[in-house]
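Positions are given from 1, in the same order as the sequence printed here.
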Amino acid sequence: MTAPSLVLLGYGSPDPRVSQVSQQLRDQLLEIRPELDVHVGFLAQGGPSAMSVVHRLVGQGVAEIVLVPLLLSEAFGAPAAVSALTAQAAAAHPGLRITAARPIGPEAQLLSNLDGRLREALRVRRVCELDALVFAAAGSSDVRSNALVARRARQWATHHRLPHVVSFAGG
């Protein structure tokens with residue numbers, strides 16, 4: 001039995017940097033696990049659409065797909081959108097085994113990855129110390145999602161022994 005194909009699932013944005021970051025995540029994952037079949041697709045804006053990625057994979061003979069939401073939490077109706085995509089793909093491709101993983105954000109390991117990126121960005125800019133951390137996220141009307149983001153920010157700030165503030169764009 002072969003491993004399923006993974007589709008890193010972003011919400012999308014008209015900002016091309018969102019797609020670039022998603023592709024970078026894919027590339028970094030493949031550096032660690034080159035044997036995986038990993039793709040990027042988007043739910044709303046930007047390309048390629050998640051459904052077009054599913055169609056292409058099925059056309060290549062893939063029988064099992066796992067959707068991996070690239071979200072910090074289950075915000076902005078993501079569970080409903082991912083469930084709808086899963087149902088649409090299953091209806092369009094009978095026999096396809098398609099499931100969705102939990103969003104990557106609740107995993108504490110994400111902080112280690114973010115930490116590495118922050119340290120590299122600081123090194124490139126020759127920054128030697130920080131005064132505080134600002135943990136910015138999109139925010140949600142789901143209080144539990146916002147609380148999860150705030151908890152991760154506290155963990156990160158405690159690790160670095162820095163004051164912090166959490167900022168939400170909405171929600």
Side-chain angles (χ1 to χ4, degrees), residues 1-118 120-121 135-146 148-149 152 167-171:
M1 182 172 160
T2 61
S5 292
L6 303 177
V7 177
L8 304 180
L9 188 60
Y11 189 76
S13 169
D15 185 337
R17 293 175 294 182
V18 171
S19 178
Q20 291 169 354
V21 168
S22 299
Q23 291 295 339
Q24 288 171 351
L25 287 170
R26 175 192 176 272
D27 294 345
Q28 290 173 355
L29 178 58
L30 288 173
E31 285 178 17
I32 299 167
R33 298 283 306 275
E35 74 280 6
L36 294 177
D37 184 36
V38 184
H39 307 268
V40 174
F42 296 96
L43 283 169
Q45 300 177 15
S49 74
M51 198 61 198
S52 69
V53 173
V54 169
H55 291 320
R56 181 171 40 85
L57 290 172
V58 171
Q60 294 171 354
V62 170
E64 185 175 7
I65 297 172
V66 176
L67 303 173
V68 182
L70 297 178
L71 300 169
L72 291 175
S73 67
E74 296 186 6
F76 291 116
V82 174
S83 293
L85 173 63
T86 304
Q88 180 186 8
H93 302 285
L96 173 65
R97 293 184 310 275
I98 185 163
T99 57
R102 291 179 38 214
I104 63 167
E107 302 303 325
Q109 182 61 35
L110 179 63
L111 295 179
S112 294
N113 296 340
L114 289 173
D115 193 58
R117 290 186 68 145
L118 174 63
E120 178 60 19
F135 200 92
S140 172
S141 58
D142 181 346
V143 175
R144 295 169 299 166
S145 293
N146 292 342
L148 177 63
V149 170
R152 292 296 183 242
S167 174
F168 294 106

Student: What is the minimum heavy-atom distance between Val18 and Phe42, and which atoms define it?
Tutor: CG1-CE2, 4.4 Å
Student: Over all heavy atoms of both residues, which pair between Thr86 and Ala100 is shortest? Give the atoms and the distance, please.
Tutor: OG1-CB, 4.3 Å
Student: Rounded to the nearest 0.5 Å, what separates atom NE2 in His93 from atom CD1 in Ile65?
Tutor: 7.5 Å
Student: Got a sec, which pairs hit salt bridge (charged side-chain N to carboxylate O under 4.0 Å, His left out) with one end in residues 3-12, sequence neighbours left out?
Tutor: none
Student: What verdict does the side-chain contact (heavy atoms from CB on, under 4.5 Å) test give for Val53 and Val40, after you've listed the backbone C-alpha separation in whole Å, the side-chain angles of each residue and the deciding distance to 0.1 Å?
Tutor: CA-CA 8 Å; Val53 173; Val40 174; over 6 Å; no
Student: Could you tell me the separation between the OG atom of Ser83 and the CD atom of Gln88, rounded to the nearest 0.5 Å?
Tutor: 12.5 Å
Student: Who pairs with Glu31 by salt bridge (charged side-chain N to carboxylate O under 4.0 Å, His left out), at least two apart in sequence or on another chain?
Tutor: none
Student: List for me each residue that meets side-chain hydrogen bond (donor to acceptor under 3.5 Å, both in side chains) alongside Ser5, sequence neighbours excluded, and say none if there are none.
Tutor: Asp37
Student: Do you know which two heavy atoms are closest between Pro69 and Ala101, and how far apart they sit?
Tutor: CD-O, 3.3 Å
Student: Within a strict 4.5 Å, meaning less than it, do heavy atoms of the Leu8 and Val38 side chains meet?
Tutor: yes
Student: So, do Val62 and Val54 sit near enough that their side-chain heavy atoms are less than 4.5 Å apart?
Tutor: no
Student: Can you name the closest pair of heavy atoms from Met51 and Ala89 and give their distance?
Tutor: CE-CA, 3.5 Å
Student: Out of curiosity, His55 NE2 to Gln60 CD, how far, rounded to the nearest 0.5 Å?
Tutor: 13.5 Å
Student: Can you find a pair of side-chain heavy atoms, one from Val66 and one from Pro4, that are under 4.5 Å apart?
Tutor: yes
Student: Going by heavy atoms in the side chains, are Leu9 and Leu85 under 4.5 Å from each other?
Tutor: yes
